[in-house]
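For reference, the structure is listed below as structure tokens.
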Protein chains: 2
Amino acid sequence: MTMANIRDIARLAGYSPATVSRTLNHSGYVSATAAAKIQAVIAQLDYVPNDIARDLSQGRTANVGVVVPHLNAPFFTEIVNGISSAAFAADYNVVLLQSKYDAALERTYLTQLHRKAFDALIFTSRAIPLTELVAAQQYGAVVCCENPGTKPLAAAYSQRETAYLQAFRWLKGQGYQHIALTLSRDATLSATSRATLATFKRVFGCAPAVVETDVTTYQDGYRVATDLAKNTDLDYIFSNGDDIATGIRQGYLDQHRTAPALMGQENQVSGQLLGLPTIDHHFRQIGAAAFDLAATGRVASVPVTADLLLRR
Amino acid sequence: MTMANIRDIARLAGYSPATVSRTLNHSGYVSATAAAKIQAVIAQLDYVPNDIARDLSQGRTANVGVVVPHLNAPFFTEIVNGISSAAFAADYNVVLLQSKYDAALERTYLTQLHRKAFDALIFTSRAIPLTELVAAQQYGAVVCCENPGTKPLAAAYSQRETAYLQAFRWLKGQGYQHIALTLSRDATLSATSRATLATFKRVFGCAPAVVETDVTTYQDGYRVATDLAKNTDLDYIFSNGDDIATGIRQGYLDQHRTAPALMGQENQVSGQLLGLPTIDHHFRQIGAAAFDLAATGRVASVPVTADLLLRR
DNA sequence: TTACCGTGTGGAACGCGTTTCATAGCAAGT
DNA sequence: ACTTGCTATGAAACGCGTTCCACACGGTAA
């Protein structure tokens, strides 16, 4: 009942394992007669080569690990979509690695890279410092999805600053002055948050009137609306997602208040419904670029331009 | 520069590979002195065992393959979330396999199961007949996410009929008569679609006034609204997703028409926003159950009750 | 003192495909 | 007749961790 292996096939076909291997891989010299006999035995025994053995022999797995905190935000699902389409086209498999922004967990994935469980690792987001990713490159390709600055690390990311600059300038041009921002994570943890705040300051010369952090879902938006509504002079809310913006708006409505004008991000359905301005970061494209870096092992920085969509 | 292996460690520590292996796995007898010396060498060389070799030796990978057509629907992202949380807890990795409902692709994944690339395979949806999945079980655990009927196949799925029955009875009780359904795929392809139609007929004794197929996104909903609006006597639209329902409603609005009453599914943000009735299928829970079946290899049917949410 | 048990350790085989290298037959070129 | 140069094929080593089994040593129960 135990699985047939290449030596079984060789014996039954009257050839050596080497010839069977060549036949399977269409490599080297194999006579037509040998190939035919071997194929016949293979078909008869329903033999397929064992991938693990092949991987061991070749020292690779054709697996890319993709570290995601969770799959509840379009940023992650879209980027994973992009990665997996590209990976599929290149005959790689995508291994989903849930991190929950837990540094210890992220390190276990770096260890798995060291252990050759994957050929490369893509961090869509992270809790550990970039320097650890840089160091891990000795074990295999490592790609991050944010601007790595001067760090020698492969990266594919949204050129957020440009889009934020454009967005904030537009806000300023429209005459908005008392602006609230919502962020997914505190600026001490997130480069995206830092970029948002820095660009805001660059345009307006001051900090936003209000900053809400740890906002990632519709429910979070709904929740912070109570707090935001206390600032009666707010005239704009720049949020970090269309779903979130939608939650904020609903939170205001349920307090019988009218929300200030809102901008979302990610170009989601909820934002389309409300006709909110948004920023499209092209996450699928970023995912595809990240995979490409992972597969080739190139250490390069691939910024992707984000687009401000004002929707008429 | 090539990686150290267990024999290198053994040599440098003055012990045999067997003892090193025992030390690494905390199995069998190892003296404290031996363990200390070996650990020291391991630390010095930054050695970690090679996972591929371990997998080969043990004949397993601790990988579960998850076949998904795409990740654009909450059904799939949620189920993958559920699977990956459970997998993580059990020290398994999740390999994402994109299928695009392509039978040939799905078969390549079955082959990969045969080749031991994964220990088990979960089909969240499929294009190939169930019988092929049944047959593939000889190579490893195979789980589907739909009612397998009498087929001997592990399954975790939403008890859709019950929820649909409840929903349609409620519609009937409310006096609706001219009802349109939207479906993701034609009933010849999708068991879900068949279940929806069959339950409708059971309650209303006739087919729905209109059936729209190939509807899976907000955009699709928006598109079919044009067609639906031609039927001026429609009094209800039962759609296959909240986002879709939202798209339909918007499509009507943009034609300066008022949409009939709508029901969605999946309990999404957009539906919450519009206060639409919906059906929550608890996909995360289904994912977790599917993983459990995959990991244990149990061949059982795990139906999960879906809930009708009428929202006040 | 003999018999037996727990502890500690190593040799060697195992899982299985790939690849290098050597060997050999045979035809074309000189 | 002799060197080249393919075409074919196999033996054996390789990648690397695990595990079975045999072998020791020290102590204890009989």
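Side-chain atoms are counted along with the backbone in the values below, which use heavy atoms only and exclude waters and symmetry mates. A note on names: the letters A, B, ... follow the listed sequences, proteins ahead of strands, and every chain is numbered from 1.
For the pair B:Ala53 and B:Ala18, nearest-nucleotide mapping onto DNA chain D gives the more 5' position to B:Ala53. Across the interface with DNA chain C, nearest-nucleotide mapping of B:Tyr15 and A:Ser21 shows B:Tyr15 to be the residue nearer the 5′ end. Toward the 5' end of DNA chain C, the nearer of the two residues B:Ala32 and B:Leu56, judged by each one's closest nucleotide, is B:Ala32.
Atom CD of B:Glu132 sits in a crowded spot, with more than 12 heavy atoms from other residues, nucleotides or ligands closer than 6.0 Å.
As judged by a 4.0 angstrom heavy-atom cut-off over every strand, B:Asn25 is placed among residues touching the sugar-phosphate backbone only. Using a 4.0 Å heavy-atom cutoff across all strands shown, B:Val20 reaches no nucleic acid atom at all. When heavy atoms are screened at a 4.0 angstrom cut-off, B:Ala34 is found touching the sugar-phosphate backbone but no base atom.
With A:Glu78 contributing its side chain and A:Phe283 its backbone, the two residues share no donor-acceptor pair below 3.5 Å. Judged purely by atom type and a 3.5 angstrom limit, A:Arg126 uses its side chain to pair as donor or acceptor with the backbone of A:Ile128.
Here the side chain of B:Pro17 is nearest to one of D:dG17, D:dG15, D:dT18, namely D:dT18. Of all nucleotides listed (D:dT18, D:dT9, C:dG17), D:dT9 comes nearest to the side chain of A:Tyr29. The side chain of A:Thr19 lies closest to D:dG10 when the candidates are C:dG17, D:dG10, D:dC16. Closest approach to the B:Ser31 side chain among C:dG10, C:dT9, C:dG15 is made by C:dT9 (side chain taken as heavy atoms from C-beta onward). Nearest nucleotide to the A:Ile6 side chain, out of C:dG17, C:dA13, D:dG10: C:dG17.
Of the inter-residue distances, the one linking B:Ile83 atom CD1 with A:Gln98 atom CD reads 11.5 Å to the nearest 0.5 angstrom.
Cation-pi check for B:Arg60 over B:Tyr92 is met; the charged atom lies under 6.0 angstrom from the ring centroid and within 45 degrees of its normal.
No hydrogens or angles were tested; on distance alone, a donor-acceptor pair under 3.5 Å links the side chain of A:Arg22 to the base of D:dG10.
Under the 30°/60° scheme for interplanar angles, the aromatic rings of A:Tyr139 and A:His114 are found to lie parallel.
A:Lys37 places its NZ atom 14 Å from the P atom of D:dA8, with the value rounded to the nearest Å. Following rounding to the nearest Å, B:Gln58 (CD) and C:dC14 (P) show an atom-to-atom distance of 18 Å. If you measure from atom CG of B:Asp8 to atom P of D:dG17, you get 9 Å, rounded to the nearest angstrom. Following rounding to the nearest Å, A:Ile9 (CD1) and C:dT18 (C1') show an atom-to-atom distance of 16 Å. For the pair A:Ile38 CD1 and C:dT18 P, the computed distance is 13 Å after rounding to whole Å. Atom CD1 of B:Ile52 and atom P of C:dG17 are 15 Å apart (whole Å). In this structure, the CG atom of B:Asp51 is 18 Å from the P atom of D:dG15, given to the nearest Å. Across the protein-nucleic acid pair, A:Arg11 atom CZ and C:dC16 atom P stand 12 Å apart, rounded to whole Å.
Taking only side-chain nitrogens and oxygens, B:Arg7 never comes nearer than 4.0 Å to OP1 or OP2 of D:dC16. A sub-4.0 Å separation between OP1 or OP2 of C:dG10 and a side-chain N or O of B:Ser16 is present.
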